[in-house]
Amino acid sequence: MTEEARRVFEAIDALEGISDPKERALAVGEVLKALPDRNKQLKELRQQAVNELLSRDGASLRSVGAELGISFSTVQDIAKGYSGSGKSRPKKTAQSPDASDV
């Protein structure tokens, strides 16, 4: 785990250490309230980083996937801004076969 990620999780874990239940509830509430916007920010940050990796000479979905320890299809989804289930992906439209397919 990277140092930055470890510090984020340590900060979340520190919420448990707040002895006053009112203060603990308020602090956890602040974090929960901000999470949706932060999740969006994190996904965009990851997408930007993946697209930077893909823009390198010789980079491919497979090579970036191997580098990050994820599948090439996950790299593709991140690069296109997809997340979660297939519900957010655009539907494929039925196309007539090209003359080159025949």
Side-chain angles (χ1 to χ4, degrees):
M1 179 181 296
T2 64
E3 176 66 20
E4 293 80 3
R6 185 187 61 72
R7 287 196 315 248
V8 169
F9 289 115
E10 284 178 353
I12 291 171
D13 290 343
L15 295 171
E16 292 180 77
I18 301 173
S19 59
D20 182 281
K22 177 183 174 185
E23 291 302 315
R24 188 170 59 244
L26 289 170
V28 171
E30 289 174 355
V31 172
L32 289 171
K33 185 176 180 181
L35 276 180
D37 289 336
R38 292 300 186 153
N39 280 341
K40 182 179 179 191
Q41 180 184 6
L42 288 171
K43 287 177 184 178
E44 290 170 354
L45 188 60
R46 179 180 63 174
Q47 180 182 11
Q48 178 187 9
V50 165
N51 284 323
E52 287 177 33
L53 291 170
L54 287 168
S55 71
R56 297 180 303 184
D57 286 341
S60 68
L61 295 171
R62 289 189 190 281
S63 68
V64 171
E67 193 174 350
L68 298 177
I70 58 179
S71 71
F72 76 93
S73 60
T74 301
V75 173
Q76 184 177 36
D77 287 349
I78 293 168
K80 290 184 176 184
Y82 301 146
S83 64
S85 70
K87 292 178 184 177
S88 63
R89 291 172 180 77
K91 300 283 184 198
K92 290 184 180 180
T93 58
Q95 297 178 355
S96 58
D98 293 338
S100 63
D101 292 341
V102 180

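In what follows, every heavy atom counts, from backbone to side chain, and hydrogens, waters and symmetry copies are set aside.
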Quick one: side chains of residues 10-17, donor-acceptor pairs under 3.5 Å with protein atoms, not counting sequence neighbours, listed by atom name and distance.
| unit_1 | atom_1 | unit_2 | atom_2 | d |
| --- | --- | --- | --- | --- |
| E10 | OE1 | R6 | NH1 | 2.8 |
| E10 | OE2 | R6 | NH1 | 2.1 |

Worksheet item: Side chains of Q47 and N51: closer than 4.5 Å at any heavy-atom pair?
Response: yes
Worksheet item: How is the hydrophobic cluster of F72 composed, in terms of its other members, when Ile, Leu, Val, Met, Phe, Trp and Tyr link through side-chain heavy atoms under 4.5 Å apart, directly or indirectly?
Response: V50, L53, L54, L61, V64, L68, I70, V75, I78
Worksheet entry | Residue pairs involving residues 53-68 (criterion salt bridge (Lys or Arg N to Asp or Glu O under 4.0 Å); sequence neighbours excluded) | R56-E67
Please tabulate, for the side chains in residues 19-35, all donor-acceptor contacts under 3.5 angstrom to protein atoms that are two or more places apart in sequence or on a different chain.
| unit_1 | atom_1 | unit_2 | atom_2 | d |
| --- | --- | --- | --- | --- |
| D20 | OD1 | K22 | N | 2.9 |
| D20 | OD1 | E23 | N | 2.8 |
| R24 | NH1 | I18 | O | 2.6 |

Worksheet, complete the sentence: Contacts of E4 meeting side-chain hydrogen bond (donor to acceptor under 3.5 Å, both in side chains) (sequence neighbours excluded), chain-then-number -> none
Worksheet item: Quick one: side-chain hydrogen bond (donor to acceptor under 3.5 Å, both in side chains) partners of S71, sequence neighbours excluded?
Response: S73, T74
Item to complete: Output all residues satisfying side-chain hydrogen bond (donor to acceptor under 3.5 Å, both in side chains) with E44, sequence neighbours left out; order by chain, then residue number.
Response: none
Fill in: Atom of S63, atom of G58 and distance for their closest heavy-atom approach
OG-O, 4.3 Å
